[in-house]
Amino acid sequence: MRSLLHPLRGGGLAVALATLVTTGFGLLAAGTAPAHAQGSTLNQLAQAHGRYFGSATDNSELNDSAYTAVLGSEFGSITPGNSMKWDTTEPSQGQFNFSGGDAIVQFAQAHNQQVRGHNLVWHSQLPSWVSSLPSSQVQAAMENHITKEAGHYKGEVYAWDVVNEPFNDDGTYRTDAFYNAMGKDYIADALRTAHAADPGAKLYINDYNIDGTGAKADAMYQLASDLKKQGVPLDGIGFQGHLAVQYSFPSNMQQNLQRFADLGLDVAFTELDVRMELPADSAKLAAQADYYRQVTDACLAVTRCVGITVWDFDDKYSWVPSTFSGQGAADLYDENLQTKPAYTAVQTALGGGGGTDTTPPSAPSGLAVSGTTSSSVSLKWSASTDDVGVTGYDVYRGSTKVGSTTSTSYTDSGLSASTTYSYTVKAKDAAGNVSAASGAVTATTAASGGGTPGTGAVKVQYKNNDSAPTDNQIKPGLRVVNTGSDPVDLSKVTIRYYFTGDGGSSTFNAWCDYAAVGCSNVTQKVVALSSPKSGADHYVEVGFTSGAGTLAAGANTGDIQNRISKSDWSNFSESDDYSYATNTAYADATKVTVYVNGTLASGIEP
Ligand code: XIL
């Protein structure tokens, strides 16, 4: 076959120049975005950054002219989805068939594209004759397969995925025919054999679930660094990039790519797609766009990230639906070859699309607590709007980002019991613009093993009027706040402050020292808990007579100064009392409870 020079080596410049000339960019230094990128293809945009943008394809798809029109123009690299795999190229030992792969190479050459060869050694799509060989014959069969196939395509593929998917997800080696026969040394042997057959091809190890940091990426890193130290001809690591919106985006992607690059290796996304549970909807498509954008950004941020290949570009020919039941819509174009938000996101990330979107979404509104447990807080809010489209929300606890979601609700878990947290939410769009923060909302987790806080329209605030926690009196200052939008009849409201009697008499006196609503309108009584709790065997219940009137929306009762003693005036030990706190100015008190008509409105019972 006609020899195609290697793009990004000598011949790549010729290919790149040809494309640049036809699009009129002039010659651009790597890392420089074109000034007028509108109308450029993804590959032209990528080339302006010194990268390629490619797609997988398959032989049957080459008969679809609408499809090949896009394949041949939009992409600068193609990878055969199946026709260079072992079960196609050497279905029986020594019987080689390269016709499918040759057709793909021909298409590439006709469209000025480079080819990524995929793949030489893989546990899957491996004909059964290989796995049935006695282990003493596997090495020779592997070396022969590599020599014949890489030899056949010598000079015609830019890179080879020499070894595909050598690891299990936990980072241990996959025990396939090759590993069982040769141990991990089969990898070095395969690379050396491929190098001998085609010294000009970039040689890769390729795998999935190594896109972010984790055990599997660590294992790949260890292997790559060992191989480099040993002088094995390894040029790059392929990150397949089979992502899904229902899983979180891989962690630390850019840093992960960078550490491989720092070993002196090229890195590339080789099989990018972002699947979702069907049916697709606008939120999932927006999240997908954001994932594609993040991958593109990560590659552009790492100098040695040489390119991105999508594992086919349209949903019509995606491998996802037949592999992941109920999932699909993973590609840049839909089944009718219409571009999706993901396409625009990649285009924008590459600096194209007629200018960058710099308008952030509106701030989320109506942030509210929809539930709490002793270890979690659930939030909901109203959707933001954006000139292009909201892709998701980041949830902040204080100033810490605790999570992201594409929906308008979120549950923050792993929290401490009986603790008050403050939350805000920000909206994002596909270009990475972030909105202003929503209004803050506070939420208090339930006591561990205790009740859940009330969600009524009043709350209680407390201050400690007693600087002597071991004397013979307890002096809580209390006031009720109407947090709702209607007036509250105070005669229906009661407050409970919980304490322990601490020995001595079990007869108590409680009274009012001062109340803004008048002590004559306030009642106190001490009640013993039928089942004492830690820090609480009694509570003082503060109530109101009808003379206290109503509490307007937003108003509070003002100061109510209470005092409790025992009939024998023996001392208390207040510091471990359930409701005790040391603040001397009024503050929300989750361990003092307030009731309307006997129903818990706010606070947490012990
Ligand atoms: C897939 C092909 O796209 C399908 O057509 C085929 O049925 C199965 O293999 N990781 C790889 C690719 O390295 O070779 C796989 O391709 C997708 C997962």
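Numbers here are sequence positions counted from 1. In this text, all values refer to a predicted model and were calculated from it rather than measured experimentally. Counting starts at 1 for both ligands and their atoms, in listed order.
- Between W122 and ligand 1 there is a heavy-atom distance shorter than 4.0 Å.
- In this structure, D266 pairs ionically with R304, as a charged nitrogen and a carboxylate oxygen lie closer than 4.0 Å.
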(request) Decide ring pair (Phe, Tyr, Trp, His ring centres under 6.0 Å) for F75 and F313; before the verdict, give the C-alpha distance in whole Å, the side-chain angles of both, and the deciding distance to 0.1 Å. (result) CA-CA 9 Å; F75 301 98; F313 62 86; 5.0 Å; yes
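- In terms of protein heavy-atom proximity, atom 1 (C) of ligand 1 is nearest to K85 NZ, 3.6 Å.
- Annotation: F260 is in aromatic contact with F239 [ring centroid separation under 6.0 Å].
- With hydrogens left out, the protein atom closest to atom 10 (N) of ligand 1 is E271 OE1, 2.9 Å, a heavy atom.
- Looking at E165 next to ligand 1, an N or O pair under 3.5 Å apart turns up.
- The shortest heavy-atom contact between P166 and I187 is CB-CD1, 4.0 Å.
- Residue N82 has at least one N or O atom closer than 3.5 Å to an N or O atom of ligand 1.
- Inspection of the S83 and N59 side chains reveals an N or O donor paired with an N or O acceptor under 3.5 Å.
- Only the side chain of W311 comes within contact range of ligand 1, with a heavy atom under 4.0 Å; no backbone atom does.
- Here N164 has side-chain heavy atoms under 4.0 Å from ligand 1, and that is the only part of it that gets that close.
- When only interatomic distances are considered, the shortest N/O to N/O separation between W319 and ligand 1 does not fall below 3.5 Å.
- Considering backbone and side-chain N/O of D58, none are found under 3.5 Å from N/O of ligand 1.
- Remark: minimum distance from atom 8 (C) of ligand 1 to any protein heavy atom is reached at Q125 OE1, 3.4 Å.
- At a threshold of 4.5 Å between non-hydrogen side-chain atoms, the residues W122 and V163 do not count as touching.
- Using the six-membered ring where Trp is involved, H152 and F98 have ring planes that are parallel, under 30° apart on the 30 and 60° scheme.
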